[in-house]
Amino acid sequence: MCIRDSINAEYMGIQQMEKMDEAPKGIYDSEPETVERFFKHYSKLYTQQFMLLDVMRTGVYFDSVTKNEIDFKDKTVFDIGAGTGILSMFAAKAGAKHVYAIEASNIVRAATKLIEKNKMQNVIEVIQARVEDIDDVEMNGSADVLICDPFGIALLNERMVETYIIARDQFLKPGGKMFPSCAYLCVAPFYDGKLYEDQMSKTNFWDTKDFFGFNLSELKSQAVEEKFKQPIFEIYNPLSHLSPDERYKIDFTTVKLEELRHINFDFKFKISKIGLIHGIGIWFEAHFTGSKLFKILSTSPYSPPTRRFQTRYLFKEPLGVNPGQIVLGNLTLIANKEQSYDMKITLKIPELNIETSGTYDLKDPEFRWSQLAPRSSVLDKLLSIPKSKQLMDFICKNHHLSLIHISEPTRRYAISYAVFCLKKK
């Protein structure tokens with residue numbers, strides 16, 4: 001196995017930034033500094049560990065690959081954004097003839113070590129390059145299968161889906177397989193007066209009229225505007241939904257690159273109960289369509305937690321609704337130069353001609369780890385099961401964790417992993 005020289009040691013430096021101006025496709029119309037920060041973030045082992053420990057996500061990929069051997073055996077596989085190479089190793093385990101592990105960040109050094117340690121270097125070839133920069137005639141159109149984890153907040157943040165589509169157009173044979181094959185962006189209206197009040201209270205400082213003798217209240221409206229632009233990244237209770245979710249499908253096998261630059265999603269809710277729509281909850285669902293096994297990776301609030309959790313988007317002005325009312329909505333996503341999207345959500349009650357809206361900065365989410373549900377309800381029940389207790393002890397011992405002191409996200413991953421392992425037994 002070798003790390004190709006298609007991108008040299010100066011790749012992450014000035015020459016890389018200059019080349020981005022020549023690459024009109026994918027995320028590389030973003031600001032060079034933004035792209036550099038992106039690659040630096042994913043070159044860290046703690047970032048990769050966070051992804052690997054998402055056992056719901058990793059388990060779906062493992063099953064989708066290893067239980068669809070017919071799709072991988074003796075095939076050429078491209079792993080787009082390979083990271084530590086875990087998906088490449090899944091493909092090799094499933095019998096792939098050759099795997100190209102394509103990764104732009106410096107995490108390729110760690111991937112190389114893992115692949116060699118697991119004696120898969122004769123099957124997996126690591127290439128440090130951006131997909132857009134690979135210029136190898138032999139590789140073009142040679143892929144039987146593409147595998148990728150292209151997902152970000154609200155499905156599309158970080159714009160890796162575009163890279164996945166560019167790889168499809170450049171490398172995939174006609175009729176080749178894609179894992180995942182499609183995804184759904186899901187939206188639902190919710191009420192949560194406490195969340196709304198919590199967020200509004202965080203701007204109360206700017207009501208101060210005597211701060212060392214000075215009046216700060218002139219900035220209150222700006223503070224509220226900034227706070228309500230933040231997506232809230234957390235796990236929340238789906239019982240707060242006021243209507244079933246609506247979905248926007250992106251078919252990775254057919255979508256055109258330009259269609260991902262400007263997404264316009266019209267939807268309609270039929271309200272099920274009285275309340276205030278404080279905002280919109282968003283999550284995604286990815287489908288893996290194999291010849292033998294079909295799998296779904298869901299980040300829904302109805303499903304076990306993943307590293308993507310869910311995001312909620314508050315309106316400054318909530319919308320009052322009654323059962324049976326129809327609420328029309330629109331979500332617009334426009335790709336920007338920060339490797340993300342400008343988002344706007346609008347809701348309208350047509351019969352009353354009342355509407356509310358908000359704009360959001362996907363690059364500036366608020367993480368509400370501390371707001372997650374206490375551990376006792378689910379965890380204590382699991383710990384009462386002997387096999388589960390053993391698994392939890394094993395997890396904590398091997399990761400040097402304490403069930404009392406570990407963070408809530410890690411604890412929830414441990415719970416998910418215990419459930420996942422128990423299902424395997």
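Count residues from 1 along the sequence. Just so it is clear, the values below take in all heavy atoms, side chains as well, and ignore hydrogens, waters and symmetry mates. The shown structure was predicted, so the numbers you read here are calculated from the model rather than taken from an experiment.
Val65 places none of its side-chain heavy atoms less than 4.5 Å from the side chain of Phe179. Side-chain contact between Ile263 and Leu185 is absent, with no heavy-atom pair separated by less than 4.5 Å. Between Ile134 and Phe171, some side-chain heavy-atom pair lies under the 4.5 Å cut-off. Looking only at side-chain heavy atoms (C-beta outward), Phe205 and Phe211 come within less than 4.5 Å of each other. Within the 4.5 Å cutoff, no side-chain heavy atoms of Ile102 are placed close to those of Gln128. By the 4.5 Å heavy-atom criterion applied to side chains, Gln339 and Arg37 are not counted as neighbours. Side-chain atoms of Val131 and Phe78, non-hydrogen and from C-beta on, never get closer than 4.5 Å to each other. Tyr248 has its side chain out of reach of Leu331: every pair of non-hydrogen atoms, C-beta onward, lies at least 4.5 Å apart.
Using a 4.0 Å cut-off between charged side-chain N and carboxylate O, Asp198 and Lys194 make a salt bridge.
Taking CZ of Phe252 as the start and CD1 of Ile165 as the end, the distance is 6.5 Å to the nearest 0.5 Å. Thr34 OG1 to Glu158 CD: the interatomic distance, rounded to the nearest 0.5 Å, is 11.5 Å. In this structure, the separation between CD1 on Ile280 and CG on Asp245 is 11.0 Å, given to the nearest 0.5 Å. Taken from CH2 in Trp206 to CD in Glu226, the straight-line distance is 8.5 Å, to the nearest 0.5 Å. Put simply, CD1 on Ile80 and CZ on Arg168 are 12.5 Å apart, with the number rounded to the nearest 0.5 Å. For the atom pair CG (Asp266) and CG (Leu328), the distance works out to 8.5 Å, reported to the nearest 0.5 Å.
Closest of all the heavy-atom pairs between Ile271 and Lys273 is CG2-O, 3.1 Å. Closest approach of Ser243 and Lys270 over heavy atoms only: OG-O, 3.3 Å. Taking all atoms of both residues into account, the shortest heavy-atom contact from Met200 to Val224 is SD-CG2, 4.0 Å. The minimum heavy-atom distance linking Phe151 with Arg307 is given by the pair O-NH2, 4.3 Å. Scanning both residues, Leu195 and Arg368, for their nearest heavy atoms gives CD1-CZ, 3.4 Å. Of all the heavy atoms in Ser64 and Phe72, the pair that sits closest is O-CE1, 4.1 Å.
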Evaluation steps, side-chain contact (heavy atoms from CB on, under 4.5 Å), between Arg308 and Arg57: CA-CA 9 Å; Arg308 290 301 179 194; Arg57 167 255 191 194; over 6 Å; no
Test Tyr341 against Leu260 for side-chain contact (heavy atoms from CB on, under 4.5 Å), laying out the working first. CA-CA 10 Å; Tyr341 286 81; Leu260 296 171; 4.1 Å; yes
Given Lys40 and Ser105, is the side-chain hydrogen bond (donor to acceptor under 3.5 Å, both in side chains) satisfied, shown in steps? CA-CA 7 Å; Lys40 185 175 182 179; Ser105 80; over 6 Å; no
As a quick check of understanding, evaluate side-chain contact (heavy atoms from CB on, under 4.5 Å) for His241 and Ser272, giving each step before the final call. CA-CA 9 Å; His241 288 167; Ser272 59; over 6 Å; no
For side-chain contact (heavy atoms from CB on, under 4.5 Å), just list the numbers for Met51 and Tyr42, CA-CA rounded to whole Å, side-chain angles, deciding distance to a tenth of an Å, and then say yes or no. CA-CA 10 Å; Met51 296 169 67; Tyr42 282 98; 3.8 Å; yes
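Between Trp283 and Tyr302, the ring-plane angle classifies as perpendicular under the 30° and 60° cut-offs. Ring geometry for His41 versus Tyr46: interplanar angle over 60°, hence perpendicular rather than tilted (30 to 60°).
In Ile70, the CD1 atom is not crowded: 12 or fewer heavy atoms of neighbouring residues, nucleotides or ligands sit closer than 6.0 Å. A 6.0 Å sphere centred on NZ of Lys202 holds more than 12 heavy atoms belonging to other residues, nucleotides or ligands. Atom CG of Asp135 sits in a sparse spot, with 12 or fewer heavy atoms from other residues, nucleotides or ligands closer than 6.0 Å. Within a 6.0 Å radius of CD in Glu259, more than 12 heavy atoms belonging to other residues, nucleotides or ligands are found.
Not a single donor-acceptor pair under 3.5 Å links the side chain of Tyr61 to the backbone N or O of Pro180. Remark: the backbone N or O of Glu317 is paired with a side-chain donor or acceptor of Thr356 at under 3.5 angstrom. In terms of modelled atom types and a separation under 3.5 Å, the side chain of Thr346 and the main chain of Asn330 share no donor-acceptor contact. Although no hydrogens or angles enter the test, the distance criterion places no donor-acceptor pair under 3.5 Å between the side chain of Asn118 and the main chain of Met120. Judged by distance alone, the side chain of Asp251 and the main-chain N or O of Val255 form no donor-acceptor pair under 3.5 Å.
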Under 3.5 Å donor-acceptor pairs involving side-chain atoms of residues 289-298, not counting sequence neighbours:
residue, atom, partner, partner atom, Å
Thr289, OG1, Ser181, OG, 3.1
Ser291, OG, Asp71, OD1, 2.5
Ser291, OG, Asp71, OD2, 3.4
Ser298, OG, Ser300, N, 3.1
Ser298, OG, Ser303, OG, 3.2

Only pairs under 3.5 Å count here: list side-chain donor-acceptor contacts from residues 137-146, not counting sequence neighbours, and write none if there are none.
residue, atom, partner, partner atom, Å
Asn140, OD1, Gln170, NE2, 3.2
Ser142, OG, Met139, O, 2.6
Asp144, OD1, Lys173, NZ, 3.0
Asp144, OD2, Thr76, N, 2.8

Counting only pairs under 3.5 Å, give me each side-chain donor-acceptor contact of residues 82-99, with atom names and distances, residues two or more places apart or in other chains.
residue, atom, partner, partner atom, Å
Ser88, OG, Asp79, OD2, 2.8
His98, NE2, Glu125, OE1, 3.0

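Residues Tyr196 and Tyr191 place their aromatic rings such that the two centres sit no closer than 6.0 Å.
Judged by the 6.0 Å distance and 45° axis criteria, Arg312 is positioned over the aromatic ring of Tyr236.
Of the options Lys344, Lys229, Glu225, a side-chain hydrogen bond (donor to acceptor under 3.5 Å, both in side chains) to Thr359 is made by Lys229 and by none of the others. Each of Asp342, Thr311, Leu333 was compared with Leu362 under the side chain to side chain contact (heavy atoms under 4.5 Å, CB included) criterion, and only Leu333 meets it.
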